[in-house]
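Notes for the one structure printed next.
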Protein chains: 2
Amino acid sequence: MFMLQIVLASLCLAAPSPDAGVLTSARVLDESSPSDWRRVDPSNTLYLDLPGGRVVIELAAGFAPAHVENIRTLAREHYFDDLAILRSQDNYVAQWGDPNADDRTNAGDRAHAKSLGSARTKLPAEFSRPSQGLAFTKLSDGDVYTREVGWADGFPVGRDPGTGQIWLAHCYGIVGAGRNNPADSSNGAELYVVTGHSPRHLDRNITAVGRVLQGMELLSSLPRGTGALGFYEKPQQRVPLKRVMLASAISAADRTEWEALRTDTPTFQQWVEARRNRREPWFVYPVGHVELCNVPLPARELKKPAH
Amino acid sequence: MFMLQIVLASLCLAAPSPDAGVLTSARVLDESSPSDWRRVDPSNTLYLDLPGGRVVIELAAGFAPAHVENIRTLAREHYFDDLAILRSQDNYVAQWGDPNADDRTNAGDRAHAKSLGSARTKLPAEFSRPSQGLAFTKLSDGDVYTREVGWADGFPVGRDPGTGQIWLAHCYGIVGAGRNNPADSSNGAELYVVTGHSPRHLDRNITAVGRVLQGMELLSSLPRGTGALGFYEKPQQRVPLKRVMLASAISAADRTEWEALRTDTPTFQQWVEARRNRREPWFVYPVGHVELCNVPLPARELKKPAH
């Protein structure tokens, strides 16, 4: 199987054409097999229900275990329900949490901050972790920011063979835990999502906790706030969070289940190659290179078996 | 002046701190002198008036002269007025034009396409141009997509010393001319703007014509279309263009004038350095690298003299 796919890719490189044999992204997905996909663990699947619909986030428990555990506790205890999206800064991030938890908006009232319940109020910074023991798929195209980039556990990552550390790369759709100036000032109660050109300067400066699998457009199309850092200046401009919950907290019959394209397979290499050398007839120049954050990571809802 | 600034930057590199002497982006702008800015030519300044406000675009006459001249003609003859934004695809582009000019939406009716007036119906592809004669400020951090990147004429560019060609780089906020499969099928009557992670694979595959100076949030926050390629499926979902005009077509008293930070000065080098090594107290790790599309290009409205 592996050999066959590599041969196919080589033929395509030698003779690009819009024919059926050509390795386009669409064709790679069409021809993927069930084993090219992994089921997203319901205990790592966070639903964010907004007035406009549902955002589905995969939590990166392998990269930020303390934050993910705290987010699970907060969701289980309904901490986020009825809080709001507080900030939308163009070409950067949207952010949600408790408007009273922080005084950056000048509207907060810490005395009225919502209790974190049994969640921890203080967590360690989880900016990176040892790479040992984590399968790493390297992107051969290089990177401006760091020595090695690629994918691990289905997430885009940077890796430094010198320090032996690995970390989530701030690509479009990555979710992280907002913090103040101290490195360990995040607790997972305030989260942001990248909605613009990937701010890779945040890598290793903040704890990333996951990525959006579906519903990104509900976050990226929010009106931008006109206050400093894109905070909404009036409380009525904030977008309410109707409900935030873990898929594992819902009965299997009611939840939606997700699967994501595995990043450690020959099919995924084909997927990257199809993005590196564009074979769709529209392209005049096939490009020949691809940047980490320009490789989308496909996810799809699992169909429920019919009754 | 040049020497002094370099010395200042070196001191900052040696001793990062949140003190007043530190080279942050904010400080570079605060200390810039009038000669660090260039006035944007009103004949290259395109206003796009949407229901939510004005978008200001600087046309790149030096890179796409035939397209820019056609866009000037179309604007002068009110071609775009009362047309609409037809498409908003998440993490990619928003696009405007005549819904009847093309049949990709299945809603178009070419028999009712709006006349291009005295504009040309056919233009050459302007994917790149010779770099000779164009001042180029190189970014030393490298690039995944091409051999050299940097800035020319105030725009982000790629350059290939081998071919002697230079081209606009598809960073967030870049505006281009939509085309069908033939390379020379764009005429400037259908334009798009990049609203997501910079799709650098479009470089040298399509004619870029300018960049948004102001009002980007009006385009990036549009609801995403649910049709293929993000086209709006129902005509009433389209966002109307109230009026599109060149600043030079308006009396000087009525127009707003813009200036942009020059990209060929020691101050601009400081600006890039402030983005490469982040000295704001929030940053734990100063990064040490910066990608072309993560360097914002400041622009500001010129205050009119008081009466």
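A, B, ... follow the sequence lines: proteins, then strands. Residue 1 opens every chain.
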Between [atom1] on residue [X] and [atom2] on residue [Y], distance to nearest 0.5 Å:
X: A/His289; Y: B/Asp203; atom1: NE2; atom2: CG; value: 11.5 Å
X: B/Asn205; Y: A/Arg278; atom1: CG; atom2: CZ; value: 9.0 Å
X: B/Tyr172; Y: A/Tyr92; atom1: OH; atom2: OH; value: 13.5 Å
X: B/Glu291; Y: A/Cys293; atom1: CD; atom2: SG; value: 7.5 Å
X: B/Asn91; Y: A/His197; atom1: CG; atom2: NE2; value: 10.5 Å
X: A/Asn181; Y: B/Glu280; atom1: CG; atom2: CD; value: 10.5 Å

Over all heavy atoms of both residues, which pair between [X] and [Y] is shortest? Give the atoms and the distance, please.
X: A/Ile206; Y: B/Trp282; value: CD1-CZ2, 3.5 Å
X: B/His201; Y: A/Val287; value: O-CG2, 3.5 Å
X: B/Ala183; Y: A/Val284; value: CB-CG2, 4.0 Å
X: B/Asp90; Y: A/Ser220; value: OD1-OG, 2.5 Å
X: A/Ser221; Y: B/Pro223; value: CB-CA, 4.3 Å

Where on [X] is there a heavy atom nearer than 4.5 Å to chain B: the side chain, the backbone, both, or neither?
X: A/Arg204; value: both
X: A/Val290; value: both
X: A/Tyr145; value: both
X: A/Arg276; value: neither

At a 4.5 Å cut-off on heavy atoms, which part of B/Asp143 comes close to chain A: side chain, backbone, both, or neither?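 Interface part for B/Asp143: backbone (N, CA, C, O).
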